[in-house]
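Just follow the structure's listing: the first ligand is 1, and inside any ligand the first atom is 1.
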Amino acid sequence: MGKILVTGAFGQIGSELTQALREKYGLENVIATDLKRKLDSSHDSGIALPVDCLDFDTLNKIVKTYGIDCIFHLASILSAVAEEKPQFAWNVNMGCLYNILEIARENKCRIFVPSSIASFGPLTQINDVPQDTTQRPTTMYGITKVAGELLCDYYYKKYKVDTRGVRYPGLISYKTLPGGGTTDYAVEIYYEALLHKKYVCYLEEKTYLDMMYMPDAIKAAIDLMEVDSSGLCHRNAFNITAMSVSPEEIAAEIRKTIPEFTIEYNIDPLRQSIADSWPNNLDDSAAKEEWSWNPEYDLQAMTKDMLSKLSDKLKSEAIFSIK
Ligand code: NAD
Ligand code: AKB
């Protein structure tokens with residue numbers, strides 16, 4: 001890869017992907033962008049620029065100024081916030097993606113655009129969802145994700161823009177908090193287990209959803225962008241997963257390290273209905289066959305690493321706040 005631009009660079013994925021890209025391709029070759037209010041709180045040492053992806057001219061100028069040839073487009077509104085503000089979510093998710101695709105077309109950039117398990121809906125089969133199947137989501141977030149998948153396919157077929165992407169499951173990480181999704185409970189549960197040994201979950205105990213630890217999500221984005229495209233039958237929206245888990249299963253795994261941890265349930269009807277409209281688990285065999293996708297972390301390995309790293313982080317933040 002040459003010069004890389006990341007949008008939404010200070011979100012849950014962007015904060016870790018930007019760092020991984022800088023380590024791999026060089027600090028000076030990765031330009032981080034996000035909304036100004038996010039950048040104000042950043043301590044990153046590489047180039048970080050304030051830009052609203054709805055502002056085509058500023059974004060296009062940045063791409064030309066830095067000679068960008070590859071874009072990881074992460075700026076987005078996630079499912080729970082999107083369902084509270086559907087008009088806003090449509091404008092941001094579709095408006096930003098359209099600008100990125102047009103800029104990629106004009107400047108001959110390759111682009112990575114993530115979709116989600118949210119691109120499926122109640123008419124999709126619930127287990128082992130195939131790569132190509134009925135989608136018909138019933139949330140605004142999911143509708144923008146399917147529309148995004150189709151638009152990326154269109155720009156590849158019509159204009160030969162090298163668009164690629166995966167359908168991420170819920171992502172679990174300790175560096176940056178998630179930004180308003182339905183799967184956020186799977187991050188909160190680890191914080192609360194370490195801080196209070198108790199978590200009140202807003203999803204029902206047996207709600208199964210696909211999940212993944214952040215190192216695997218970062219690996220997926222970089223691997224897919226690096227692979228020779230001649231082996232790809234699909235380009236956008238590859239199903240990928242690492243585990244299908246429920247709140248009670250994550251709680252049970254946490255109890256192996258923190259035996260006194262308890263979980264209670266206080267269901268949020270909005271987020272439960274969103275989760276109920278998504279499948280239990282996806283079949284990721286197309287990604288395995290076409291670009292050798294292979295996750296490293298299952299629930300056990302992820303929980304061990306997450307509790308250890310998050311514990312270190314919380315301790316250093318506590319020490320920092322006393323100083
Ligand atoms: P996030 O909410 O943590 O971060 C998104 C970032 O985009 C934020 O920093 C926000 O400030 C920025 N942003 C929002 N509107 C913007 C705009 N108009 N211009 C510029 N920046 C803007 O989200 P994330 O979890 O990092 O998700 C990144 C992508 O991955 C999204 O497309 C999301 O749908 C997808 N995804 C995420 C998950 C997950 O579990 N995190 C799962 C599936 C798919
Ligand atoms: C959300 O819950 O909105 C995201 C996702 C699965 O796309 N984490």
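- In Y168, the parts holding a heavy atom less than 4.0 Å from any atom of ligand 1 are both the side chain and the backbone.
- The N/O atoms of V92, backbone and side chain alike, include none that comes under 3.5 Å of an N/O atom in ligand 1.
- For the pair K145 (side chain) and P114 (backbone), a donor-acceptor distance under 3.5 Å is present.
- When L35, N91, D34 are ranked by how near their heavy atoms come to atom 11 (O) of ligand 1, first place goes to D34.
- At a cut-off of 3.5 Å, with distance as the only test, a side-chain donor of S119 or E149 sits close to an acceptor on the other residue.
- Residue-to-ligand polar distances keep G8 apart from ligand 1: every N/O pair is separated by 3.5 Å or more.
- Figure legend: cation-pi geometry between R271 and Y202, with NZ or CZ positioned under 6.0 Å from the six-membered ring centre and within 45° of its axis.
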Please tabulate protein-ligand N/O pairs under 3.5 Å for ligand 2, atom names and distances to 0.1 Å.
from, atom 1, to, atom 2, distance (Å)
ligand 2, 2 (O), S79, OG, 3.4
ligand 2, 2 (O), T182, N, 2.7
ligand 2, 2 (O), T183, N, 3.1
ligand 2, 2 (O), T183, OG1, 3.4
ligand 2, 3 (O), S79, N, 3.1
ligand 2, 3 (O), S79, OG, 2.5
ligand 2, 7 (O), S116, OG, 2.6
ligand 2, 7 (O), Y141, OH, 2.7
ligand 2, 8 (N), T183, OG1, 2.8

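- In terms of heavy-atom proximity, T183 sits nearest to G170 at OG1-CA, 3.4 Å.
- Considering each of G170, P169, G11, the one bringing a non-hydrogen atom nearest atom 42 (C) of ligand 1 is P169.
- Proximity annotation for atom 3 (O) of ligand 1: of M212, E16, Q12, R167, Q12 comes nearest, heavy atoms only.
- Atoms of ligand 1 lying under 4.0 Å from any heavy atom of D52, numbered from 1 in the order shown and given with element: 17 (C), 18 (N), 19 (N).
- No donor-acceptor contact under 3.5 angstrom links the side chains of D284 and N239, judged on distance only.
- A salt bridge does not link K160 with D162: none of the charged nitrogens is closer than 4.0 Å to a carboxylate oxygen.
- Residue-ligand proximity, L78 to ligand 1, at heavy-atom distances under 4.0 Å covers atoms 2 (O), 23 (O), 25 (O).
- Using modelled atom types, one finds no donor on one side chain facing an acceptor on the other under 3.5 Å when comparing S244 with N281.
- Under 4.0 Å from ligand 1, not a single heavy atom of T176 appears.
- When only interatomic distances are considered, the shortest N/O to N/O separation between Y141 and ligand 1 falls below 3.5 Å.
- Side-chain contact of Q272 with T207: a donor-acceptor pair under 3.5 Å is present, judged by distance alone.
- At a 4.0 Å heavy-atom cut-off, ligand 1 does not touch A118 at all.
- The proximity of K145 to ligand 1, defined as any non-hydrogen pair under 4.0 Å, is limited to the side chain.
- Only the backbone of S115 comes within contact range of ligand 1, with a heavy atom under 4.0 Å; no side-chain atom does.
- For ligand 1, the atoms sitting less than 4.0 Å from at least one non-hydrogen atom of S116 are 43 (C), 44 (C), numbered in the order shown with element in parentheses.
- Two residues are said to be in side-chain contact when any heavy atoms from C-beta on lie closer than 4.5 Å; P247 and K206 fail this criterion.
- V200 and I250 end up in different hydrophobic clusters when Ile, Leu, Val, Met, Phe, Trp and Tyr side chains are linked at under 4.5 Å.
- Side-chain polar atoms of Y213 and D305 form a donor-acceptor pair below 3.5 angstrom.
- Looking at I111 and I100, their side chains come closer than 4.5 Å, going by heavy atoms from C-beta outward.
- A side-chain donor-acceptor contact under 3.5 Å links E290 and H234.
- Nearest-residue assignment for atom 14 (C) of ligand 1 (options S76, S119, C96; heavy-atom criterion): S76.
- Which parts of ligand 1 touch I13 is read off a 4.0 Å heavy-atom cut-off, strictly below it: atoms 26 (O), 27 (O), 28 (C), 30 (O), 37 (C).
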